[in-house]
Amino acid sequence: MLYSPCKLRHLQKDTDEKNTSREDDDTSAEDNTREGSFKKRKFLPKELKEKFACARPSGKQVKDFNHHITAELEKLAAAYKSKKDTWRALGYQKAISAIRNYPRPITSREEALSIRGVGGRLADKVAEIVESGKLRKVAEVCEDEEAQTLQRFMGVWGAGPTTAHGWYIQGYRTLEDLREKGNLTRHQQIGLKYYDDINSRIPREEVAEIENYVRSAAHGIKKGLIVMVCGSYRRGRATCGDVDVLVTHPDGQSHETVFQPLLNKLRETGFLTDDLVTQEDNGNQKKYLGVCKLPGEGQKYRRLDVIVVPYCEFAPAAMYFTGSAHFNR
DNA sequence: TACCAGGGTAC
DNA sequence: GTACCC
DNA sequence: GGTA
Ligand SMILES: O=c1ccn([C@H]2C[C@H](O)[C@@H](COP(=O)(O)OP(=O)(O)OP(=O)(O)O)O2)c(=O)[nH]1
Ligand SMILES: [Mg+2]
């Protein structure tokens, strides 16, 4: 990420057709009813409160009113992605993101259609789920052996549709096949080793523990370091796929020297168990991707991403790293 | 019908 | 160059 | 898949 003003331009424009909410919130410009009680600003025009998620109180937890719908659509999105039907998968993903952040339960095809990113065909599917609780298309597309195997293989970190298909046509069907016969890159070996843990969601309470662990290590290296978890955690999700840690320092200088020492410190204590990408440079940003585990019995292995950025890029880096991916795109 | 973000590393 | 990832 |  370059964090140039140019890159950020689209974030501030066309607010009324592209939705201003980071979680990509709900819908198109018109419907959006939501009380929104800003005590200090009684004069805030009602249209604004209805139009902008940022003008409404967020409350503490991010709700997931339409989980039954997004869970079903997720299955199709994943299946299309595994079949390399990229753009169809993107369409599904955008709709899922919009529905996930729609602020109340959807009860009709028309209501679904009012959401930006949900067109006629997806609205039909939403309606079917609302009425029957499931989608016949899922059985059709996702439940044969090939589809299920591709999904299984793509759960290996570092394996995408091409690799999964390659393993499939070599006759592999199980993770055990991969372990004993498969040709795996270093990333994929790690992904397979921790398959179950990496594919488990992380409760946000545990993410907070990991944040504190990294913060303690950071403060042992340099006083004043800012350690902030971004990603789905910062967007308020109850569970997260991984932990995205942003590190910076208000002196505007220290970011240059903390990256490797911080990682080394986390390695020494055994917190970092495996490295995926030890250093990825982008402008002044440094990024680490790896696997970690909190001390103590029964802790799972978790995917950890760390970026270290100069303080002057703190805000845009936090924006990028908080996402969602859909919002950034 | 054209387009769907923009950047990086591993192989 | 391609595959995969953030 | 959806949007323009
Ligand atoms: O293709 C991508 C993927 C990620 N990001 C940014 C936004 C995202 O929020 C952040 C962290 O990525 P991650 O994959 O961890 O996404 P997440 O939003 O944290 O979701 P999850 O709960 O799956 O980790 O990096 C992008 O800009 N583009
Ligand atoms: Mg994340």
Side-chain angles (χ1 to χ4, degrees), chain A residues 1-4 6-11 14 17-19 24 27-29 70 73-99 112-126 135 137 141 153-167 183-191 198 229-232 234 240-246 275-291 303-309 313 316-329:
Chain A
M1 279 256 71
L2 268 178
Y3 309 137
S4 63
C6 158
K7 170 67 177 119
L8 292 176
R9 229 178 333 174
H10 80 283
L11 296 177
D14 60 55
E17 40 180 333
K18 223 194 160 185
N19 218 318
D24 182 80
T27 166
S28 54
T70 53
L73 296 179
E74 285 276 11
K75 298 176 191 171
L76 283 178
Y80 288 128
K81 184 180 180 193
S82 73
K83 292 168 156 46
K84 294 197 171 192
D85 194 342
T86 312
W87 299 120
R88 190 183 308 271
L90 177 66
Y92 271 76
Q93 209 49 64
K94 286 183 171 175
I96 289 163
S97 189
I99 292 169
L113 207 47
S114 76
I115 300 172
R116 191 165 190 285
V118 180
R121 309 187 52 171
L122 274 163
D124 287 340
K125 292 180 171 64
V126 169
L135 208 46
K137 189 87 177 168
V141 174
F153 289 170
M154 285 179 64
V156 175
W157 199 93
T162 301
T163 304
H165 183 251
W167 287 335
N183 192 357
L184 309 218
T185 67
R186 194 184 67 85
H187 286 171
Q188 292 158 356
Q189 292 173 26
I190 294 168
I198 285 181
V229 176
C230 299
S232 50
R234 189 156 180 265
C240 305
D242 64 2
V243 184
D244 305 291
V245 181
L246 185 162
D275 302 330
L276 290 163
V277 178
T278 50
Q279 182 162 354
E280 177 175 307
D281 282 291
N282 185 324
N284 295 316
Q285 172 190 298
K286 296 184 192 308
K287 179 186 284 184
Y288 168 87
L289 311 180
V291 180
R303 275 273 301 105
L304 177 73
D305 295 352
V306 179
I307 63 173
V308 179
V309 302
E313 294 181 8
M319 290 199 68
Y320 150 67
F321 213 35
T322 300
S324 65
H326 177 203
F327 178 82
N328 289 351
R329 295 168 73 158

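Each chain gets a letter, A, B and so on, in the order the sequences are listed, and its residues count up from 1.
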Below 3.5 Å is the cut-off: list the nitrogen or oxygen pairs between protein and nucleotides 2-6 of chain C, distance only.
from	atom 1	to	atom 2	distance (Å)
C:dC4	OP1	A:G160	N	2.6
C:dC4	OP1	A:G160	O	3.1
C:dC4	OP1	A:T163	N	2.9
C:dC4	OP1	A:T163	OG1	2.6
C:dC4	OP2	A:P161	N	3.4
C:dC4	OP2	A:T162	N	3.3
C:dC4	O5'	A:G160	N	3.2
C:dC5	OP1	A:G158	N	2.6
C:dC5	O3'	A:W157	NE1	3.4
C:dC6	OP1	A:W157	NE1	3.2
C:dC6	OP1	A:R303	NH2	2.8
C:dC6	O3'	A:D305	OD2	2.5
C:dC6	O2	A:Y320	OH	3.4

Distance only, no hydrogens: is a donor on one side chain within 3.5 Å (strictly under) of an acceptor on the other, for A:E280 and A:N282?
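No, no side-chain donor-acceptor contact under 3.5 Å.
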Atom P, compared across D:dG2 and B:dG6: separation rounded to whole Å:
23 Å
Inter-nucleotide P distance (B:dC4, C:dC6), Å rounded:
23 Å
Distance in angstrom units between [X] [atom1] and [N] [atom2], rounded:
| X | N | atom1 | atom2 | answer |
| --- | --- | --- | --- | --- |
| A:N282 | B:dA5 | CG | P | 17 Å |
| A:K286 | B:dG8 | NZ | P | 13 Å |
| A:Q189 | B:dC11 | CD | C1' | 13 Å |
| A:N328 | B:dG8 | CG | P | 16 Å |
| A:Q93 | B:dA5 | CD | P | 13 Å |
| A:I307 | B:dG7 | CD1 | C1' | 12 Å |
| A:N183 | B:dC11 | CG | P | 11 Å |

Should [X] and [Y] count as side-chain neighbours, where that means a heavy-atom distance under 4.5 Å?
| X | Y | result |
| --- | --- | --- |
| A:N328 | A:Y320 | yes |
| A:M154 | A:K81 | yes |
| A:K75 | A:V141 | no |

Any idea which of B:dG8, B:dC4, B:dC11 is nearest the A:K94 side chain?
B:dC4
Ignoring backbone atoms, establish whether A:R116 has a side-chain N or O less than 4.0 Å from OP1 or OP2 of D:dA4.
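Yes, within the criterion.
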Tell me which of A:L90 and A:H187 sits closer to the 5' end of DNA chain B, going by the nucleotide each one is nearest to.
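The residue closer to the strand's 5' end, by nearest nucleotide, is A:L90.
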Does A:T185 or A:A325 map to a spot on DNA chain B nearer the 5' end, using the closest nucleotide for each?
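Between the two, 5'-proximity favours A:A325.
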Going from [atom1] on [X] to [atom2] on [Y], what distance comes out if it is rounded to the nearest 0.5 angstrom?
| X | Y | atom1 | atom2 | value |
| --- | --- | --- | --- | --- |
| A:L289 | A:W157 | CG | CH2 | 5.5 Å |
| A:L90 | A:H326 | CG | NE2 | 7.5 Å |
| A:R121 | A:K137 | CZ | NZ | 7.5 Å |
| A:D85 | A:L76 | CG | CG | 11.0 Å |

Are the side chain of A:R303 and the backbone N or O of A:G290 linked by a donor-acceptor pair below 3.5 Å?
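Side chain of A:R303 to backbone of A:G290, a donor-acceptor pair under 3.5 Å: yes, one is there.
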Return the stems involving DNA chain D, sorted by first number, where pairs are Watson-Crick (N1-N3 with N6-O4 or O6-N4) or G-U wobble (N1-O2 and O6-N3), both under 3.5 Å, and runs are 3 or more long.
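Ordered by first number, the stems with DNA chain D (at least 3 consecutive pairs each) read B:1-4 with D:1-4.
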Report which part of the nucleic acid [X] touches: base, sugar-phosphate, or nothing (heavy-atom distance under 4.0 Å, all strands).
| X | answer |
| --- | --- |
| A:K125 | sugar-phosphate |
| A:L122 | sugar-phosphate |
| A:G231 | nothing |

B:dT9 pairs with, by Watson-Crick or G-U criteria that keep both distances under 3.5 Å
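Pair assignment: B:dT9 / C:dA3.
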Using the ring of each side chain (for Trp, its six-membered ring), is A:Y80 parallel, tilted or perpendicular to A:Y92, with breaks at 30° and 60°?
tilted
